[in-house]
Amino acid sequence: MSDKIFIFDTTLRDGEQVPGCQLNTVEKIEVAKSLEELGVDIIEAGFPISSPGDFNSVVEISKAVTWPTICALTRAVPKDIEVAAEALQYARHKRIHTGIGTSDPHIRYKFNSNREEIIERAVAAVSYAKKFVEDVQFYAEDAGRTENEYLARVVEAVIKAGATVINIPDTTGYCLPSEFAAKIKYLVENVNGIDRVVISTHCHNDLGMATANTMSGLISGARQAEVTINGIGERAGNTALEEVVMALRSHHELGLDTNVNSTRISAVSRQVSSLMNMPVQPNKAIVGRNAFAHSSGIHQDGVLKNRESYEIIDPKDVGIDENSIVLTARSGRAALKHRMHVLGVELDKEALDKAYSEFLKLADRKKEITDDDVLMLAGAHRTNHRIKLEYLQVTSGVGLQSVASVGLNIAGEKFEACASGNGPVDAAISAIKIIIRRQMLVKEFLIQAINKGSNDIGKVHMTVEHEGRQYYGFSANTDIIAASAEAFIDAINKFVK
Ligand code: KIV
Ligand code: ZN
């Protein structure tokens, strides 16, 4: 058995399914290119039948990357498979990922079917996909709760039909590591033809065991791990790429390794977190802000004497440069550009000039510019909105009614309005509504501080309902009233064309 573990990244498919994490095609291409640079073997680029946007993203990612295999997801449905094959037409290396639920609850309630019919449908899907591509991966959805003997029959049948990779998802994140290990071992020992295919793990984190289950699967004979950056994914998420890669690299005795260039991990983690507006929890393994921060005196003392006393990974191995230049108001444009590059962001000259002038304003207000601030500045120039906030003036205070004056620039024309509200954000939003004159309702409104301190940047996430549909808006600013107005405008730009 080979000791190479294939890394199958599904950030752009399973990860992107998370509400609020949707990316546009340009952003998906940016992530796909970073994944290529990181060294992943397979990129699951989308579920083409699900929407024209997903279809288009698979097409464009196929054109944009060279080395990784591009994979497209389907159900065991002929039309899905045809559309996936069409979306993959430009991919240099292509794979169709088709499958069906195999657990009793899926067979009974989702398909109102029986075990024999599910095997027939699985075989038919793989055989049909083989007409379009050589590389066909089959997933047995909810394999985690599928009885091993029946799972082995399904797997044997689809291997006969030509499947090249067999994905064993723990869709509900139910398994214990020992149970998942036993499942993979059972397939290795009982399925005819299993030595001709690659077994894949796809673990969800509902019980916090996604990485443990993935590792158990690999130790038991699986040779592909399905993962996402930062463990992003449905509900509690998927297995985190960085955790599996670094667990394998830290345990040489397993004799297993990947092609991943681990020094890019930190940059890609930040890029995905920033583009998807999904903060990484500070204590997240490998990529959390505190992952390498030692605060207790005993630990600091130990690390200063010898890093290995309390660290099992050298931060440099995951791209954390301890000697990184501290950005202040005296830093030049080149320093800002370099920091952005380290963080995985490339801006063109015009965008960099704008980001730099805002960097100088921010640096005047904050003593030290953090990486999150830099990413916020980079993100501020990524979008090309038709409606822009020109100015915002708010009067508010205890015992006073809040009043806001707003100036908007809509496709080059200036509009102004003034409104009162039950607080400064309400007043600003009411003034914007006077100008836009559409039915709009703020459904969700969340403010987060990026770091700490009263001079910190606030991130605002907002969901706005318009004509029965929900639109997501985001902004970050040291002024949370301005960030709220900008997030509202960001959402409006998605439906006012
Ligand atoms: O969790 C799951 O079962 C999946 C499949 C579609 C592979 O994401
Ligand atoms: Zn999944």
Side-chain angles (χ1 to χ4, degrees), residues 6-19 21 40-51 54 58 69-77 80-81 83-84 87 95-107 109-111 118 121-122 125-126 129 135-146 150-151 154-155 158 163-175 179-180 183-184 187 197-211 213-214 217 222 224-241 243-244 276:
F6 292 95
I7 292 293
F8 177 115
D9 184 280
T10 184
T11 306
L12 296 174
R13 200 278 298 169
D14 226 348
E16 215 247 350
Q17 274 169 226
V18 177
C21 287
V40 311
D41 301 285
I42 303 106
I43 296 174
E44 189 162 47
F47 181 13
I49 192 101
S50 67
S51 72
D54 244 43
V58 176
T69 295
I70 304 300
C71 182
L73 184 77
T74 82
R75 294 164 297 182
V77 171
D80 283 29
I81 294 169
V83 172
R95 177 181 296 179
I96 289 180
H97 187 191
T98 190
I100 195 161
T102 53
S103 66
D104 288 336
H106 276 235
I107 296 174
Y109 307 121
K110 195 167 150 186
F111 299 111
I118 291 294
R121 285 168 71 172
V126 170
D135 193 4
V136 175
Q137 172 167 328
F138 173 80
Y139 64 87
E141 194 179 7
D142 204 13
R145 291 188 301 164
T146 302
Y150 174 64
L151 184 62
V154 178
V155 169
V158 296
T164 47
V165 182
I166 300 294
N167 181 14
I168 304 299
D170 184 20
T171 306
T172 57
Y174 168 77
C175 285
E179 216 177 340
F180 198 70
K183 195 172 281 294
I184 301 296
L187 298 176
V197 299
V198 171
I199 304 178
S200 183
T201 62
H202 177 112
C203 299
H204 280 265
N205 204 30
D206 299 65
L207 294 174
M209 284 189 269
T211 299
N213 285 341
T214 300
Q224 176 176 287
E226 302 202 4
V227 291
T228 60
I229 300 292
N230 301 334
I232 197 158
E234 292 263 48
R235 310 181 306 278
N238 289 55
T239 305
L241 176 146
E243 292 175 13
V244 173
M276 291 191 165

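Counting convention: from 1, in listed order, for ligands and their atoms alike.
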**Prompt:** Hey, mind stepping through Phe111 and Arg121 against side chain to side chain contact (heavy atoms under 4.5 Å, CB included) and telling me if it holds?
**Reply:** CA-CA 11 Å; Phe111 299 111; Arg121 285 168 71 172; 3.9 Å; yes

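- Using cut-offs of 30° and 60° for the angle between ring planes, the His97 and Tyr139 rings count as perpendicular.
- Contacts with ligand 1 closer than 4.0 Å are made by side-chain heavy atoms of His204 only, the backbone lying farther away.
- Counting heavy atoms closer than 4.0 Å to ligand 1, residue Asp14 contributes side-chain atoms (C-beta onward) but none from N, CA, C or O.
- Between the side chain of Asp80 and the backbone N or O of Arg75 there is at least one donor-acceptor pair closer than 3.5 Å.
- No donor-acceptor distance shorter than 3.5 angstrom exists from the side chain of Asn230 to the backbone of Ile232, with no hydrogens or angles considered.
- With Asp142 contributing its side chain and Gly101 its backbone, the two residues share no donor-acceptor pair below 3.5 Å.
- Side-chain N/O atoms of Thr239 and Thr214 include a donor and acceptor closer than 3.5 Å.
- When each atom of ligand 1 is checked for a heavy atom of Glu141 under 4.0 Å away, the hits are 3 (O).
- Atom NE2 is the N, O or S atom of His202 at the shortest distance from the Zn ion (ligand 2).
- Between the Zn ion (ligand 2) and Asp14 there is an N/O/S contact shorter than 2.8 Å.
- Counting only heavy atoms from C-beta outward, the side chains of Ile7 and Val227 approach each other to under 4.5 Å.
- Only the side chain of Asn167 comes within 4.0 Å of ligand 1, judged by heavy-atom distances.
- In this structure, the protein non-hydrogen atom closest to atom 4 (C) of ligand 1 is His202 NE2, 3.5 Å.
- Of the listed options Glu44, Glu226, Arg75, Arg13, Arg13 places a heavy atom closest to atom 6 (C) of ligand 1.
- The protein heavy-atom contact nearest to atom 3 (O) of ligand 1 is Thr171 OG1, 2.7 Å.
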